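What follows is one structure encoded as structure tokens, with my remarks underneath.
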There are 2 protein chains.
Amino acid sequence: MAGLNDRKQKILQAVVTDYIQTAEPVGSRAISRRYKLDLSAATIRNEMADLEELGFLTQPHTSAGRIPSQQGYRFYVDALMGPPSLSRQEEAYLANVFTQLQKMREIDQIVQQTAKVLSVLTSYTSLVLGPQFRHSTFKQMRLVPLDEEKALVVLITSTGHIKHRVINLPQALSSQELSQIVSYLNEQLAGQTIEGLSATRLRQLRSDLYARIELLSQLLLLLEESSTDGEGRVFLGGTSNILNQPEFKDVEKVKHLLTLFEEGSRLSFVLETSLAGVSIRIGTENVITEMSDCSLVTATYQLSNRPVGAIGVLGPTRMEYSRVITIIEHIASHLNFVVQD
Amino acid sequence: MAGLNDRKQKILQAVVTDYIQTAEPVGSRAISRRYKLDLSAATIRNEMADLEELGFLTQPHTSAGRIPSQQGYRFYVDALMGPPSLSRQEEAYLANVFTQLQKMREIDQIVQQTAKVLSVLTSYTSLVLGPQFRHSTFKQMRLVPLDEEKALVVLITSTGHIKHRVINLPQALSSQELSQIVSYLNEQLAGQTIEGLSATRLRQLRSDLYARIELLSQLLLLLEESSTDGEGRVFLGGTSNILNQPEFKDVEKVKHLLTLFEEGSRLSFVLETSLAGVSIRIGTENVITEMSDCSLVTATYQLSNRPVGAIGVLGPTRMEYSRVITIIEHIASHLNFVVQD
DNA sequence: CTTTAGCACTCATAAATAGAGAGTGCTAAA
DNA sequence: TTTAGCACTCTCTATTTATGAGTGCTAAAG
């Protein structure tokens with residue numbers, strides 16, 4: 001890409017750093033004062049004009065300072081960004097959080113809490129996609145009789161994920177027949193991925209056992225829902241944080257984002273399609289148009305070496321990238337240990 | 001309370017109705033034009049001055065129209081409010097929604113969907129408190145062995161609510177001993193309310209079975225959490241709707257509410273403490289200070305004739321009360337039928 | 001050739017001023 | 001008791017007028 005000489009890079013870095021902090025267009029004088037580049041304002045002015053022409057900076061209006069363009073941020077993130085840093089307190093806070101998380105048993109709780117922590121630490125909005133189990137495989141199905149009419153079906157995956165439902169028992173079935181059906185299903189389905197329990201496969205089973213159709217359809221419904229179902233739930237944290245950003249002082253701007261936050265499926269799509277590792281999408285690099293004024297930093301977390309979920313931080317393009325990245329890496333990697341249940 | 005003569009009531013009603021629609025202070029002329037009270041603007045002016053002195057109206061500034069005071073809204077809601085009305089389409093929409101809800105099995109889904117519907121219909125923000133099971137009684141506990149090391153504990157309440165968890169089995173225990181423990185617990189706890197499983201009671205059991213302490217503590221943990229635990233989860237719908245209200249065009253105003261929306265426990269408290277039936281809290285009648293510019297209309301829904309949850313709509317004090325009340329009653333009562341699982 | 005000082009110019013933002021309009025309260029007549 | 005008339009208040013909008021930060025360009029200095 002661009003062959004920015006050393007000086008241009010330093011200046012660009014200064015502009016981005018300053019703008020991230022102040023949210024105000026930064027002028028040539030401000031830079032020559034605040035950053036010890038040993039250059040006069042005039043020189044910096046010239047370089048900034050160049051940087052603008054190259055597409056790394058923009059001017060809100062003719063006689064204002066410069067602000068980084070999307071391309072400017074991109075270059076900053078790829079090449080200039082300073083080393084990460086967390087304060088002592090933050091480290092301590094994180095450590096404390098993780099011991100808390102360890103204690104929690106309910107996956108929802110863990111995810112929810114993670115979202116909260118992520119937003120508190122970054123002061124942006126956080127998105128957390130709970131673990132996806134559709135890639136895990138069918139382990140077994142159990143039927144626990146509750147009374148004469150009802151029973152509890154328990155579906156267990158290889159990853160230990162459990163789903164249950166109460167179903168009605170047809171009176172006619174003896175308990176023996178019941179256990180036959182269940183063990184038949186267990187045989188047939190063992191080792192299949194949940195995702196792979198496609199409708200056609202299930203339909204075939206259905207015809208195999210057509211005599212027991214009523215009971216069976218209830219069982220199958222549970223399975224079917226497990227494969228499609230709303231596992232992709234996204235938990236949000238710090239949604240009100242965006243209101244602290246000066247770029248969202250206008251209510252109209254916020255409205256689009258807020259509305260987006262209510263559309264779980266679109267959010268989960270964004271997170272599901274993030275690559276393994278940390279990914280950074282700046283401005284219009286985001287597919288979702290509502291996010292085109294924002295940057296989204298995401299990371300996936302693993303479960304037995306397979307990515308099963310993702311966490312993300314959404315803020316203005318003027319985001320404290322290095323800080324956010326550090327935090328998100330930290331949390332994602334620890335989540336690997338916590339989510340083993 | 002106040003002995004408002006007929007004419008004053010009519011005028012107050014006109015002011016409130018108009019203000020609810022327009023969100024603009026309403027003047028004497030506007031009323032004499034728009035409402036056929038056959039009175040001149042001057043007369044209305046006099047009456048409005050009286051109404052202000054009596055505390056039902058306020059003036060934003062000396063030469064502006066009047067807007068209803070909190071007391072004004074209260075009187076309107078108690079005495080003046082017009083009859084409810086829903087359009088054909090809305091009725092149809094509702095009917096359709098209910099058939100959809102009937103099909104859903106997962107309680108979370110139902111609650112979530114209800115929140116959404118409520119917010120779409122009212123165009124305010126909706127709060128839905130999922131069914132509370134702490135008043136229901138312990139029915140039975142089951143242990144489903146998964147493999148040699150692990151087992152699934154299933155806790156079932158009289159209302160059919162189910163909670164499960166995987167626990168580790170101490171190697172030393174024979175399956176016979178296991179079932180002994182479980183049946184002992186079943187005996188001891190049968191019929192107790194979940195809430196009543198207080199720490200002391202559980203501690204006593206713990207000492208009874210101190211020999212099996214390791215296993216037991218896992219079981220008891222599940223119970224304990226069931227009695228305290230986050231059952232009081234509140235689902236929100238249409239949070240971005242508040243941004244459409246002109247009274248929240250200022251970001252600062254919104255921020256407080258948005259932040260409140262992230263504090264689940266406070267929200268659930270509000271809903272838990274609402275009376276059976278429909279309740280309307282206007283402005284500072286709300287205990288939560290962040291809501292003092294809002295009105296909250298809530299209704300509880302039943303399960304076997306006992307209130308177990310609540311739904312609510314939060315909007316500006318300038319709310320379409322009669323409309324909201326109709327909708328909320330409608331939905332709450334239907335929820336009674338849907339939530340029987 | 002690069003850097004810097006100097007200077008005119010641009011443009012947003014803020015403060016000051018002037019009208020316009022909506023609505024009131026009061027008085028006096030119907 | 002009601003209504004018409006009128007002066008008065010106060011917000012809101014538009015216009016004007018500074019102010020000042022920051023630029024681009026030119027010409028001199030290194």
Side-chain angles (χ1 to χ4, degrees), chain A residues 3-12 14-19 21-69 72 246-247 249-250, chain B residues 3-12 14-19 21-69 72 246-247 249-250:
Chain A
L4 289 191
N5 65 39
D6 206 51
R7 196 167 72 182
K8 282 201 174 55
Q9 293 198 13
K10 283 223 177 66
I11 290 175
L12 177 56
V15 173
V16 175
T17 310
D18 212 76
Y19 186 68
Q21 275 175 23
T22 64
E24 304 273 305
V26 8
S28 52
R29 253 201 65 151
I31 288 186
S32 77
R33 247 191 298 109
R34 283 205 273 270
Y35 301 82
K36 40 179 198 287
L37 300 179
D38 289 323
L39 292 172
S40 77
T43 313
I44 294 175
R45 229 164 13 244
N46 288 329
E47 295 286 35
M48 295 215 301
D50 289 356
L51 282 168
E52 178 166 7
E53 194 152 1
L54 291 169
F56 294 92
L57 295 178
T58 350
Q59 256 179 323
H61 56 267
T62 326
S63 69
R66 304 299 209 293
I67 65 178
S69 68
E247 29 269 279
K249 70 178 193 309
D250 178 23
Chain B
L4 290 190
N5 64 41
D6 205 50
R7 196 167 71 183
K8 282 202 173 58
Q9 294 198 12
K10 283 221 177 68
I11 290 175
L12 177 56
V15 173
V16 175
T17 310
D18 211 77
Y19 186 67
Q21 276 175 24
T22 64
E24 303 274 303
V26 6
S28 53
R29 254 201 63 148
I31 289 187
S32 78
R33 248 190 297 108
R34 282 204 274 271
Y35 301 83
K36 42 181 197 287
L37 299 179
D38 290 324
L39 293 171
S40 76
T43 313
I44 294 176
R45 226 157 24 238
N46 288 328
E47 295 285 35
M48 295 215 300
D50 289 356
L51 282 168
E52 177 165 7
E53 193 151 3
L54 291 169
F56 294 93
L57 296 177
T58 349
Q59 254 178 324
H61 56 267
T62 328
S63 70
R66 304 299 209 294
I67 65 178
S69 69
E247 29 268 280
K249 70 179 192 310
D250 179 24

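These numbers come from a predicted model, not from an experiment. Numbered from 1 within each chain, the chains take letters A, B, ... in sequence-line order.
The side-chain hydrogen bond (donor to acceptor under 3.5 Å, both in side chains) check on B:Ser32 picks up nothing, with sequence neighbours excluded. Here A:Glu247 pairs with A:Arg318 under the salt bridge (Lys or Arg N to Asp or Glu O under 4.0 Å) rule; sequence neighbours left out. The salt bridge (Lys or Arg N to Asp or Glu O under 4.0 Å) check on B:Asp250 picks up nothing, with sequence neighbours excluded. When the side-chain hydrogen bond (donor to acceptor under 3.5 Å, both in side chains) test is applied to A:Thr43, the partners found at least two apart in sequence or on another chain are A:Ser40. In this structure, A:Asp38 has no salt bridge (Lys or Arg N to Asp or Glu O under 4.0 Å) partners at least two apart in sequence or on a different chain. Partners of B:Lys8 under the salt bridge (Lys or Arg N to Asp or Glu O under 4.0 Å) rule, at least two apart in sequence or in another chain, are B:Glu47, B:Asp50.
Under the 4.5 Å side-chain criterion, counting only non-hydrogen atoms from C-beta, B:Leu51 is in contact with B:Leu4.
As a whole-Å value, the separation of A:Ile31 CD1 from C:dT4 P is 14 Å. Here the C1' atom of nucleotide C:dC1 and the CZ atom of A:Arg7 are 12 Å apart, to the nearest Å. For B:Lys249 and D:dC12, the NZ to P distance is 9 Å, given to the nearest whole Å.
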Spell out protein contact along nucleotides 22-30 of chain D as letters: B when the base is contacted, S when just the sugar-phosphate is, - when no protein heavy atom is under 4.0 Å; keep the 5' to 3' order. BBB------
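DNA chain D is contacted by both B:His61 and B:Thr43; B:Thr43 maps to the nucleotide lying nearer its 5′ end (nearest heavy atom per residue).
For the side chain to side chain donor-acceptor pair (under 3.5 Å) condition, the pairs that include at least one residue of residues 59-68 of chain B, sequence neighbours left out, are B:Glu52-B:Arg66.
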Its dot-bracket string being built from Watson-Crick and G-U pairs below 3.5 Å, with | for another strand and [ ] for crossing, DNA chain C has the pattern ||||||||||||||||||||||||||||||
